[in-house]
Asks: 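Pasting a structure below so you can have a look.
Per chain, numbering begins at 1; letters A, B, ... match sequence-line order.
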Amino acid sequence: MELKVKIALATAVLVVVIGALVGLSYLASNSAAPTTQGKASGTFREADFSYGPQAYVPYFSRLPVTPGSDENGGNKYRLMFVDLNVSSRQGGSNTNPVAVEYAFKNLAGTAVFHVYGYNHASSNGGGVAWTNRAEGTGASGFSVAGSPGSPLPAGPAVVDNHQYVRVAGQSGAAHDDYGNGTYLLNFNKEGGGLNALHLSTSPTGAGEVTATASQSGTFYVTTDSDNGFDDLLLLVGVNSTQPPGFELWLNASPYSARP
Amino acid sequence: MKLDTYFSLRDIVLMSLMAGLVIVLRLALRIPMHLTGKSGLFWVIPIIVCVGITQKLGTGTYIGVVTGILAVVFGLGSSALDGFNYLVIGVALDVLCFFFKGHLDNLFVGILIGAAGHLCKLLSNSYLDIVAGTPVEVVLISLGYAAILHAVFGGIGGGVAALVLGRLYRSGVVKKHER
């Protein structure tokens with residue numbers, strides 16, 4: 001076979017293979033997006049964790065990242081907010097659960113999830129003013145253990161109450177109340193909005209603290225708040241420097257018991 | 001066919017040194033680009049150059065085996081299975097170089113071999129991710145973008161290897177066996 005023929009043949013095979021992979025990738029991206037409200041939240045990498053490292057999650061008073069941990073202590077996490085772009089008001093109910101599918105690739109250390117609720121307008125001024133209880137009676141949370149990790153270096157800004165926060169990902173904030181693509185953490189009194197949301201392994205669960213080593217799965221955001229929420233923000237934290245190739249894939253959608 | 005008569009002592013020393021060079025390049029060279037597949041820019045070069053010098057089928061496979069073992073020993077990658085990726089790229093480059101035997105100093109051939117070989121490593125890595133439990137759709141979502149980058153960086157590395165081989169052949173340091 002002549003060299004020119006070999007080059008042409010090899011080039012054609014290479015182009016076909018790359019084209020097929022790009023096509024599969026495109027199909028997988030589209031099939032991951034639910035058809036109802038809410039969208040695939042996307043794939044996130046270490047650079048998306050733009051807050052921290054800090055040992056607390058924001059609320060009126062600082063809450064520990066994990067139950068029993070010291071919110072002023074040394075077990076610090078890098079944090080990011082993810083806009084799930086899903087409302088709890090579905091099918092005539094204000095308390096519809098939201099299913100969150102996650103999948104980690106090359107996770108080092110521990111990843112934790114907390115949830116915040118957003119309403120455009122409410123009696124307390126609106127914004128992000130509801131969250132899950134981090135410890136104590138009714139506490140809920142979800143954590144995933146990865147391979148042994150390494151300490152976090154000193155990081156950028158910490159995040160606290162009454163701050164405007166950016167969400168990770170290319171889609172940006174679904175609700176832009178201030179014209180700058182941010183959400184306002186707006187907790188105005190101790191106890192206010194706390195335990196309005198829960199993280200559970202069941203769509204009908206009242207919330208529990210779950211620790212798993214399963215790198216992929218589904219958990220649910222549930223609520224018993226009568227008013228419901230316009231949107232939900234997921235707070236994701238990691239307590240270790242991540243290796244090259246680390247990815248977190250998230251997909252959120254309203255839960256429906258019907259097949 | 002006995003290994004010690006198929007590969008000369010010179011061949012074995014050269015292949016082993018090139019396998020070590022791949023590991024050294026992976027450990028020592030840090031390219032400040034946050035792009036997947038960028039390492040293919042430099043570490044496909046020793047394998048292709050070595051195949052072009054020995055001009056024997058099996059050279060790439062030998063380098064892949066030794067590199068895979070060294071990668072596990074030095075803790076490159078996230079698990080011992082990552083050593084398998086080096087074997088895959090070694091075998092892939094072996095087959096491709098055999099297909100283009102006698103023309104490894106051709107720039108287009110070098111680009112094609114580098115791109116295709118590095119793409120095989122991506123496919124192997126993706127397969128291992130799925131075996132390790134990552135959902136298939138998660139792997140597929142990023143595969144298209146990664147495939148393009150792996151082909152580009154592998155192609156650049158292969159092109160450089162072809163240029164190096166061309167200089168070696170023209171200078172007379174290595175004799176080129178024409179088909």
Asks: Go through the atoms of Leu123(B) and report whether side chain, backbone, both or neither lie under 4.5 Å from a heavy atom of chain A.
Replies: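 For Leu123(B), the side chain is the part near chain A, not the backbone.
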Asks: Please identify each residue that fulfils side chain to side chain donor-acceptor pair (under 3.5 Å) with Ser150(A), with sequence neighbours left out.
Replies: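 If we apply the side chain to side chain donor-acceptor pair (under 3.5 Å) test to Ser150(A), skipping adjacent residues, there are no hits.
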Asks: If I take atom CD1 from residue Ile18(A) and atom CG from residue Leu122(B), how far apart are they, to the nearest 0.5 angstrom?
Replies: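 CG of Leu122(B) is found 10.0 Å from CD1 of Ile18(A).
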Asks: Is Thr11(A) close to chain B through its backbone or its side chain, or both, or neither, when contacts mean heavy atoms under 4.5 Å?
Replies: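 Contact with chain B: backbone and side chain both.
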Asks: Tell me, for Asn125(B) versus chain A, whether the close heavy atoms (under 4.5 Å) come from the side chain, the backbone, both or neither.
Replies: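 For Asn125(B), no heavy atom lies under 4.5 Å from chain A.
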Asks: Please classify the contact between Val13(A) and chain B as side chain, backbone, both or neither, with a heavy-atom cut-off of under 4.5 Å.
Replies: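 Val13(A) has no heavy atom closer than 4.5 Å to chain B.
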Asks: Show your reasoning for whether side chain to side chain contact (heavy atoms under 4.5 Å, CB included) applies to Ile148(B) and Leu21(A).
Replies: CA-CA 9 Å; Ile148(B) 294 171; Leu21(A) 292 175; over 6 Å; no
Asks: Quick check against the 3.5 Å criterion: does Lys6(A) have a side-chain atom that pairs as donor or acceptor with the backbone of Phe100(B)?
Replies: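 Not confirmed, Lys6(A) side chain does not pair with Phe100(B) backbone.
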Asks: With a 4.5 angstrom heavy-atom cut-off, which part of Leu9(A) approaches chain B: side chain, backbone, both or neither?
Replies: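 Side chain only.
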Asks: Is it true that atom NZ of Lys76(A) has more than 12 heavy atoms of other residues, nucleotides or ligands lying nearer than 6.0 Å?
Replies: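 Counting other residues, nucleotides and ligands, NZ of Lys76(A) stays at 12 neighbours or fewer.
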Asks: Measure the shortest side-chain to side-chain distance between Leu143(B) and Leu24(A) over non-hydrogen atoms and say whether it is less than 4.5 angstrom.
Replies: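 No, their side chains stay 4.5 Å or more apart.
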